[in-house]
Amino acid sequence: MVLSAPGCPNVPLLEQRLAEALAGRPAVRVRRVIAIADEAARCGMRGSPTLLVNGHDPFAVPGTVPALACRIYQGEGGRLEGAPTVEALRRALERAGMRASRRADATGRPGARTAPGTGLPPSLPSGPAARSEGDRFR
């Protein structure tokens, strides 16, 4: 899930890099526009754009707090960019996949952080009713 502030100019860059990182893998991608600071806090948005993988922000920096603000990521060579690099996204997705596999192996069921059959956090709606004007599904 991509969380963003309204009109965030870095969302297209994140989505393009995410598409490259996910090439050949099945995925459900959702964009959720967050316009209220309280909602950013509830969702764990640490600036816009924020990527949640299985309900977790793989790029969260310890000590940062949720915020309705711009977010900057460290790119190649220490350059600051509006989205993680494709390689950083691949690593984050691989780590998330390994965590989900270990949870499933240990419990005999899928990870508790996703709703059955959806790959989405249980608190998020799924199916046709979940689609709203501000969300984009691919």
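The only member of L18, V11, I34 that meets side-chain contact (heavy atoms from CB on, under 4.5 Å) when paired with P49 is V11.
The shortest non-hydrogen separation linking L80 to I72 is CB-CG2, 3.4 Å. The two atoms that bring A92 and F59 nearest to each other are CB-CZ, 3.8 Å, heavy atoms only. Residues T50 and R71 approach most closely at OG1-NH1, 3.0 Å, considering heavy atoms. Annotation for R95 and P58: closest pair NH2-O, 4.2 Å, computed over non-hydrogen atoms. Smallest separation of non-hydrogen atoms from L14 and P84: CD1-CD, 3.8 Å. Across every non-hydrogen atom of A96 and N54, the tightest pair is O-ND2, 3.9 Å.
Under the side-chain hydrogen bond (donor to acceptor under 3.5 Å, both in side chains) criterion, R17 pairs with E81, sequence neighbours left out. Shown here are the side-chain hydrogen bond (donor to acceptor under 3.5 Å, both in side chains) partners of S4, two or more places apart in sequence or in another chain: there are none.
Counting only heavy atoms from C-beta outward, the side chains of L89 and L22 never approach each other to under 4.5 Å. Proximity of D57 to R46: side-chain heavy atoms (C-beta onward) are separated by under 4.5 Å at one or more points. Within the 4.5 Å cutoff, the side chain of M1 has no heavy atoms near those of the L51 side chain. Looking only at side-chain heavy atoms (C-beta outward), V2 and R32 stay at 4.5 Å or farther from each other.
Put simply, L13 and V53 are part of two different groups of oily side chains (I, L, V, M, F, W, Y) that touch within less than 4.5 Å, one to the next. Both V30 and L3 belong to a single network of hydrophobic side chains, linked directly or stepwise wherever heavy atoms of I, L, V, M, F, W or Y lie under 4.5 Å apart.
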Is there a side chain to side chain contact (heavy atoms under 4.5 Å, CB included) between R90 and V86 once you walk through the steps? CA-CA 6 Å; R90 284 186 183 129; V86 173; 3.5 Å; yes
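Side chain of S48 to backbone of A5: a donor-acceptor contact under 3.5 angstrom is found.
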